[in-house]
Amino acid sequence: MASKGAGMSFSRKSYRLTSDAEKSRVTGIVHEKLLNDYLHRIFSSPDHVPPAATSRKPLNFQNLPEHLDQLLQVDNEDEESQGQAEGRLGPSTVVLDHTGGFEGLLLVDDDLLGVIGHSNFGTIRSTTCVYKGKWVYEVLISSQGLMQIGWCTINCRFNQEEGVGDTHNSYAYDGNRVRKWNVTTTNYGKAWAAGDIVSCLIDLDDGTLSFCLNGVSLGIAFENLSRGLGMAYFPAISLSFKESVAFNFGSRPLRYPVAGFRPLQDPPCADLVRAQRLLGCFRAVLSVELDPVEGRLVEKESSEWQLQGQPTILLTLAHIFQHFAPLLRKVYLVEAVLMSFLLGIMEKGTPAQAQSLVHQVLDLLWLFMEDYEVQDCLKQLMMSLLRLYRFSPIVPDLGLQIHYLRLTISILRHQKSRKFLLSNVLFDVLRSVVFFYIKSPLRVEEAGLQELIPTTWWPHRSSREGRESKEVNEETAEERLRRRAYERGCQRLKKRIEVVEELQVQILKLLLDNKDDNGGEASRYIFLTKFRKFLQENASGRGNMPMLCPPEYMVCFLHRLISALRYYWDEYKASNPHASFSEEAYIPPQIFYNGKVDYFDLQRLGGLLSHLRKTLKDDLASKANIVIDPLELQAATMDDLDEDDEATPAGTQRPMQALAMGGALPLPRPGWLSSPTLGRANRFLSTAAVSLMTPRQPLSTLEKVKVRTLSVEQRTREDIEGSHWNEGLLLGRPPEEPEQPLSENSLLEVLDGAVMMYNLSVHQQLGKMVGVSDDVNEYAMALRDTEDKLRRCPRRRKDILAELTKSQKVFSEKLDHLSRRLAWVHATVYSQEKMLDIYWLLRVCLRTIEHGDRTGSLFAFMPEFYLSVAINSYSALKNYFGPVHSMEELPGYEETLTRLAAILAKHFADTRIVGTDIRDSLMQALASYVCYPHSLRAVERIPEDQRIAMVRNLLAPYEQRPWAQTNWILVRLWRGCGFGYRYTRLPHLLKTKPEDANLPSLQKPCPSTLLQQHMADLLRQGSDVAPSFLNSVLNQLNWAFSEFIGMIQEIQQAAERLERNFVDSRQLKVCATCFDLSVSLLRVLEMTITLVPEIFLDWARPTSEMLLRRLAQLLNQVLNRVTAERNLFDRVVTLRLPGLESVDHYPILVAVTGILVQLLVRGQASETERATSVLLADPCFQLRSICYLLGQPEPPAPGTVLPAPDRKRFSLQSYTDYINAEELAQVEQMLTHLTFASAQAAAASLPTSEEDLCPICYAHPISAVFQPCGHKSCKACINQHLMNNKDCFFCKATIVSVEDWDKAANTSTTSSAA
């Protein structure tokens, strides 16, 4: 085996140790005296006392093995110390007892040291107990949730409710609730956080028990422990669902050893002594140089050492590593000896010298150790590095994290080591994503943030909606100074964090290197394979939480990956002018349908992949030159169906982890949150085989190129990047796409994975971290309220002043803590650079969607998550990064808004998109988009044909689609123009604080006259558009208001029952939703009547009269239900039940009033007359309901002045802040008009016999006859019926035509015939 280190190559076979005498006499060895001095200098005695020169036995390579054996002899005491120790019972190797010492369901790692809770409150103990002496073990906290850690006896009995500390003779510390437990509980210690280490100490000589957090003692927790016959204590833990920890009983060096206390598991003392002595010999080799010319030894700095191939030195190293290599496979020795040695190298000399020496040390490991030995050594080395990085405390300069990252980089710069680690360790055994995470300090004082940010500040008001929503507050000079001092502190913190982030990016740059392909596959292609598996695991394991990468890790990983990706993308552009810059990056659409990239079982826009390949195979052939083999497609489809039933080959899976249930369940080994190991299942869905042809030549059977169906592991560089005859990932280029590649194909796959990462959990985590900012706002508001109360409080009330002062101090201290923590969050999650990363990802998605859209039907192959990421990333930029950073400051902000608006406008009703969830997401995104002025203006900037198409889709019939969201969009386009419709919040809710002031529904009105005009034009021009649209609106209004009335009846009955004084909250929510829908539908009708009144009032249109009669009927029903004296609606509103806050008279009555005013006051005389006649003809019309609007109990006499309204009654005149004088005058005019018209109608009306009334509604006379059956009804009933059904009411015969019917005319005709 050869090593490629330091520019030289040495064969291990040349330096095999042998017993043959001839082999020791190698040419090139220095003379005997110099060799003797050199070997005595290297292999000095352990006590470092140099013997006299005369008594020293001459050393050469023949007697060196004997000398080395004597050097490595260990005292008998060290050998015996590894046996059984007094005061301890159980196996010498201490692990968790997964066979019997547990309660509940727990997931235990393969090493039996990591555990994850998989039930309510599971408990597990160790295999070893102690009854005498002083003992300690450490617990590495991986999640900061509910856990109780401590000690218990074998007689303790636990269950799903009671764990360690809840029974006699069990004692626990709970850092989540900051308490100690022993049957009862009291305050104790500090709060722990993920990444902390808890030391559990028991002193059975004094009978005390204590804990340490990150090496700092929390004090004695318990005293007077029960001791004596039969009393022995086991380490134990109880933890909630999904919580995870890892134990260190002594199998690794304790991170925080405590003087006088022994770890439960003894360290390998004899091996440790041998390893340290061998390391001393190795250090001596590095610091001593042979000078054969002068015949002397030259001392020099080890950092300057160079491996030059001298046989004497190589043979010396061979002897050292013959003994050293087996020891370097042991976990304890790797961490205690090799890790310390390498970290020491990093501290000495220049970074270049340290890097060179680490590189040469790794060369020597590969040269003198067997492959399996060096591989085990590197595996343990990286595990130790990751553990040290993750569980290091946060210090002000982040020095510990920087130190470990630099060593990691030095190791990964060694090409052979990097490829081995990448292929076998970083993603398969380790959770290497931890290297890209910077944990947030829970205790800011321990992280040194008080010194780094001495002055704290918090904004008076935080808004997430950009500049236009910010309230301008005048800053005092003192506040300005505090803010600037705080910002300077934040900048200092950010610069220190950026050092760590840059090192993390360097790690990813090494892993993405594609120029190290000499002697094997380049690192980037190994990384791609592992990265794709990582994505699949997180995409398919959403229901199995232990399998998932924690979202906070994923956020950091994404940002570092984007930085490294853009670096290589722009580097490629620099050497390839025809490529594109990273600012223009997107994913070409052929990647989605050519089968080269596996998207697992993720949903496509058009449905299942197998279905798309069947239904769109002709389009694939004509547009992309891809032909699907029917037999292979059928086989692939069957594989998808049988995937869940397949048995995974035993050779392709890592061993399952032990499950503490008495028997093993077939669960994949999770371990993600507990130990640094994570098993991987190697079965992956392979893409269906396809036959592809060269895309720029005519289709021909002779030119077909069979493409292998490759799993992720089988792909080579050529399969990804392509070659002169193969386009790799870009096979099947559609004619709309340019021939020149954007960048290297491998970078396109990395970019695709980055987009998928954002969709998996990054967006969710970005929203979660906003909670820190929300906490700051809440405490700031509480502090201001307290200070206001202090100023208003009388000086004589000393008791109240004392309480307020105490509260003020508590709020101020909490704000100091939160403001420093917020500075950390802003630097690590919401900085300007992170915002630009998310913005870049948004623009990548927009370009990808635009290019995919141009492929026509093939757009259906795009995974849904591209649209989801486009929607969610915009939402994150708008809502999560303010007020420190505003989206308006981003480059190309207006253009990006317009492009996103065009995508939402086009695709919310795109028939190529079939998924219900993604269609709802598009609709909701568009509904939110039109609520804000900036984004609404962006919708108005898209091309006119796209705007018109969007409005046409909004006006489509409401059936079979999410009509509530569609209606909401139309309402937002009108809000600010309707009658009394200029409010942001309802009048009766102004005194209450909204749960979230940033909700779209609470934004200021911003109507769009341009889109209103498009709506009016479409309703006028299309003969079928208006009737079908309004018919669906009226149907939905009838349903929503009827449901609302039915529900408030149930609520009223439930509230009046003595045996049940509560109402189901879900029922209240549905009730409020139906009310809100009724109001919004009424507003849409108001908008339609205002913009296009002729639809209802021009009776030359065939459907106008029917629509007007239906509208009048619904308006009268709403008015009668809401305005009746002491009615059901009044009683429910008076109850003011939680969840029904929006239910009030004002919103629904002003909506109805707006429609009536438009019909009866603002129109032409002829139109007003028609509307009046239809309204009065409805049998449900009551003039009293109109009087109710102005607070009048009864209609006034004709010609009299309206009396003043009763203040105890509802009246529009009481809402002068919302309804202007002109609108009130129009209401009064309407009331006068209806009073006069109703009096005239009453005087002129003639009685109608019952047999002449419509048998359907009994409200109007018969006026239509159906053909051919001859049955009759009024025109309103039959026209409404024919909108949805063509069968006769009575006989179910198909109606061919409807003719006018007049009783008098038909009677005279009959008489004449007679």
Side-chain angles (χ1 to χ4, degrees), residues 42 44 46 48 72 74 78 138 140 197 199 214-215 248 250-259 263 265-287 301-303 305 317 320-321 323-349 351 353-365 368-369 373-374 376-393 395 399-414 417 421 430 435 676:
I42 301 301
S44 59
H48 300 288
L72 297 179
V74 180
D78 291 333
E138 289 182 344
L140 285 62
I197 296 179
S199 303
N214 295 328
N248 181 13
S251 59
R252 301 182 302 272
L254 293 179
R255 188 63 182 278
Y256 301 104
V258 181
Q265 179 174 326
D266 288 327
C269 296
D271 286 341
L272 182 60
V273 171
R274 295 187 184 101
Q276 288 171 340
R277 291 177 183 176
L278 288 167
L279 179 62
C281 297
F282 183 64
R283 287 178 185 272
V285 172
L286 300 182
S287 60
E301 288 292 333
S302 59
S303 59
W305 186 80
L317 289 170
I320 293 173
F321 276 96
H323 297 273
F324 207 9
L327 298 176
L328 290 181
R329 297 182 62 200
K330 299 184 178 181
V331 179
Y332 193 101
L333 301 181
V334 168
E335 189 165 326
V337 178
L338 182 60
M339 174 71 71
S340 301
F341 170 62
L342 293 176
L343 288 172
I345 291 177
M346 300 305 297
E347 294 174 354
K348 298 178 181 178
Q353 290 175 330
Q355 171 62 48
S356 174
L357 187 53
V358 170
H359 195 280
Q360 292 180 84
V361 169
L362 292 172
D363 277 339
L364 294 175
L365 294 181
F368 291 109
M369 295 171 67
E373 292 174 336
V374 69
D376 283 350
C377 176
L378 285 174
K379 173 184 171 182
Q380 300 299 342
L381 183 62
M382 291 305 294
M383 289 179 68
S384 298
L385 259 179
L386 183 140
R387 193 179 297 111
L388 287 171
Y389 174 79
R390 184 182 183 191
F391 293 98
S392 294
V395 294
L400 295 173
Q401 286 75 12
I402 291 172
H403 199 43
Y404 300 136
L405 287 175
R406 283 177 175 163
L407 178 55
T408 305
I409 292 171
S410 296
I411 294 172
L412 291 177
R413 278 183 176 151
H414 188 266
S417 300
L421 291 170
L430 293 182
F435 280 123

Y332 side chain reached by P253 side chain, heavy atoms, under 4.5 Å:
yes

Can you name the closest pair of heavy atoms from M369 and C377 and give their distance?
CE-CB, 4.3 Å

L378 side chain reached by L362 side chain, heavy atoms, under 4.5 Å
yes

Spacing of L286 atom CG and I42 atom CD1 [to the nearest 0.5 Å]
8.5 Å

Could you report the tightest heavy-atom contact between L381 and M339, atom names first, then the distance?
O-CE, 3.5 Å

Atom pair CG (L327) and CG (L278), whose distance is rounded to the nearest 0.5 Å
6.5 Å

Between CD of E335 and CZ of R387, what distance do you get to the nearest 0.5 Å?
5.5 Å

Minimal non-hydrogen separation, R274 against L72, with atom names:
NE-O, 3.3 Å

Where do K330 and D376 land on the side-chain contact (heavy atoms from CB on, under 4.5 Å) test, with the steps shown first?
CA-CA 8 Å; K330 299 184 178 181; D376 283 350; over 6 Å; no

Could you walk me through whether E373 and L328 pass side-chain contact (heavy atoms from CB on, under 4.5 Å), step by step?
CA-CA 8 Å; E373 292 174 336; L328 290 181; over 6 Å; no

Nearest heavy-atom pair of P263 and G250: which atoms, and what distance?
CB-CA, 4.1 Å

Report the C-alpha distance between L343 and H403 in whole Å, list the side-chain angles of each, state the deciding distance to 0.1 Å, and finish with yes or no for side-chain contact (heavy atoms from CB on, under 4.5 Å).
CA-CA 8 Å; L343 288 172; H403 199 43; 3.7 Å; yes

Main-chain N/O of Y256 paired with E138 side-chain donor or acceptor, under 3.5 Å:
yes

Ring centres under 6.0 angstrom apart (F341, F282)
yes

Quick one: pull up CG in L365 and OG in S417 and give me the separation to the nearest 0.5 Å.
7.5 Å

Tell me, do F391 and N248 make a side-chain contact under 4.5 Å, heavy atoms counted?
no

When rounded to the nearest 0.5 angstrom, what is the spacing between CD in E347 and CG in L407?
10.5 Å

Of all heavy-atom pairs linking L272 and L333, the shortest is CA-CD2, 3.5 Å

Out of curiosity, L405 CG to M346 CE, how far, rounded to the nearest 0.5 Å?
10.5 Å

Could you go step by step and tell me if L279 and F324 meet the side-chain contact (heavy atoms from CB on, under 4.5 Å) rule?
CA-CA 8 Å; L279 179 62; F324 207 9; 4.2 Å; yes

Could you tell me whether the side chain of Q353 reaches within less than 4.5 Å of the side chain of I345, counting heavy atoms only?
no

Check: L386 and Y404 side chains under 4.5 Å, non-hydrogen atoms:
no

Side-chain donor-acceptor contact under 3.5 Å, S392 with R255
yes

State, to 0.1 Å, how close I320 and V285 come at their nearest heavy-atom pair, and which atoms those are.
CD1-CG2, 3.8 Å

